[in-house]
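What follows is a set of notes on a single structure, which appears directly below.
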Amino acid sequence: MNPDLSAEFFLSSSSLALTGLAASTPNARIKLDEVVGRDHSVLLCWIEAESYDTVEATLDAEATIAAWTPLESATKRRLYRLRMAEPAEVQVAIPEEFIKRGTTPIHATITGDGWLMRARFPDRTTLSEYREACQQRGMSFTLERLYQPTTDPEGDGLSLAGLTPKQREAVLLAHEEGYYDLPRGTKLTDLSDRLGISRRSLSDRLRRAEREIITTAITNERIAPRNANSTEHQ
């Protein structure tokens, strides 16, 4: 099992939850945070919009949503608790059977056309079977990107193997939310809110993780055998 195997993909289907809400609020950005309940009847979503009055009026009018509650506000976005009018078992992107096999959702951005998702899979076989399951459920599956960093000390890629679980969680979240992009896609405060720790604690955790990754990369570079036939350009 390779815990670093993750895929970014787009699912298109009218049965997916909240696509109607997204279509009705084209200027808003909706990101799924958590699915709650055995019947998947409650969704926690971050919504970023220019006008939250418009968003909340749309929530009132949306037939698929029985009730909604604002939970908290962060920089430029709000977290909402949405109770679906009917159990959303068939509306969520990853069935329970795949969760039990080790598939882990990372994030999902909901649009009027479908869900843009990223998830970790235990292996390529599970990813392939998941794609087939989506098609059987009437969902169009389009693979956008596949990430599989190497953990081989003689490989060319970077490894997260030396990180603690909390460091790994922090680094992956920061990367997935665009913290390392230029310009940054999120702020340290928003990330620390997601993890439930202080901004200072997250900053220290990321620095320790980054040092470990860089140290491992430099060590691997020093011990990796050179190709005698390669030509060095200066």
Side-chain angles (χ1 to χ4, degrees), residues 5-37 39-68 70 74 76-99 103-121 126-147 173 175-178 181 185-186 190 194:
L5 175 64
S6 62
E8 187 172 280
F9 50 92
F10 187 80
L11 298 178
S12 178
S13 171
S14 59
S15 69
L16 284 168
L18 303 183
T19 53
L21 173 65
S24 300
T25 54
N27 294 326
R29 185 183 185 192
I30 305 173
K31 297 192 71 173
L32 181 65
D33 187 68
E34 187 178 355
V35 179
V36 182
D39 61 355
H40 300 156
S41 59
V42 175
L43 306 181
L44 302 184
C45 295
W46 286 101
I47 300 181
E48 181 179 337
E50 296 178 358
S51 170
Y52 290 98
D53 289 340
T54 300
V55 169
E56 293 176 0
T58 305
L59 289 173
D60 284 333
E62 179 60 40
T64 61
I65 298 175
W68 58 271
K76 296 183 179 179
R77 61 178 185 168
R78 292 182 182 178
L79 180 64
Y80 289 88
R81 182 179 187 270
L82 309 178
R83 178 172 292 279
M84 308 305 292
E86 296 181 2
E89 178 68 37
V90 299
Q91 297 176 315
V92 296
I94 301 181
E96 188 68 24
E97 62 181 286
F98 285 93
I99 300 294
T103 302
T104 305
I106 298 174
H107 63 68
T109 299
I110 301 170
T111 72
D113 297 321
W115 288 23
L116 177 62
M117 291 199 65
R118 186 167 176 179
R120 298 189 192 98
F121 294 86
T126 304
L127 172 58
S128 178
E129 292 175 356
Y130 170 72
R131 178 175 57 189
E132 294 176 1
C134 288
Q135 295 170 346
Q136 291 172 1
R137 296 167 68 203
M139 297 181 184
S140 173
F141 178 101
T142 303
L143 181 65
E144 303 288 346
R145 294 180 182 178
L146 187 64
Y147 306 84
L173 178 64
H175 178 265
E176 290 149 9
E177 294 297 323
D181 295 347
T186 189
D190 292 339
R194 290 278 300 275

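All values derive from a computational prediction rather than experimental measurement.
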With [X] via side-chain hydrogen bond (donor to acceptor under 3.5 Å, both in side chains) - residues at least two apart:
{"X": "Arg77", "result": "none"}
{"X": "Ser128", "result": "none"}
{"X": "Tyr130", "result": "none"}
{"X": "Glu176", "result": "Arg120"}

Using every non-hydrogen atom in the two residues, find where [X] and [Y] come nearest and quote the distance to one decimal.
{"X": "Ala28", "Y": "Ala49", "result": "CB-CB, 3.9 Å"}
{"X": "Leu11", "Y": "Phe141", "result": "CD2-CD1, 3.6 Å"}
{"X": "Tyr52", "Y": "Ile47", "result": "OH-O, 3.2 Å"}
{"X": "Ala22", "Y": "Gly112", "result": "CB-N, 3.5 Å"}
{"X": "Ala119", "Y": "Pro105", "result": "CB-CA, 4.0 Å"}

Do the side chains of [Y] and [X] get nearer than 4.5 Å, heavy atoms only?
{"X": "Phe9", "Y": "Thr142", "answer": "no"}
{"X": "Glu62", "Y": "Leu82", "answer": "no"}
{"X": "Thr19", "Y": "Ser12", "answer": "no"}

Criterion side-chain contact (heavy atoms from CB on, under 4.5 Å) against Leu21, the qualifying member of Val55, Leu59, Thr64: Leu59
Heavy-atom donor-acceptor pair, Ser24 side chain to Thr58 backbone, under 3.5 Å: no
Trp115 side-chain N/O to Ala17 backbone N/O, donor-acceptor pair under 3.5 Å: yes
Residues that Glu97 engages under salt bridge (Lys or Arg N to Asp or Glu O under 4.0 Å), provided they are two or more places apart: none
Residues in salt bridge (Lys or Arg N to Asp or Glu O under 4.0 Å) contact with Arg194, at least two apart in sequence or another chain: Asp33, Glu177
To the nearest 0.5 Å, what is the distance between [atom1] on [X] and [atom2] on [Y]?
{"X": "Tyr80", "Y": "Leu18", "atom1": "OH", "atom2": "CG", "result": "13.0 Å"}
{"X": "Leu32", "Y": "Thr109", "atom1": "CG", "atom2": "OG1", "result": "9.5 Å"}
{"X": "Ile110", "Y": "Arg29", "atom1": "CD1", "atom2": "CZ", "result": "11.5 Å"}
{"X": "Thr54", "Y": "Glu56", "atom1": "OG1", "atom2": "CD", "result": "9.5 Å"}
{"X": "Asp190", "Y": "Leu173", "atom1": "CG", "atom2": "CG", "result": "10.0 Å"}
{"X": "Leu143", "Y": "Phe10", "atom1": "CG", "atom2": "CZ", "result": "13.5 Å"}

Within 6.0 angstrom of Arg118 CZ, more than 12 heavy atoms from elsewhere: yes
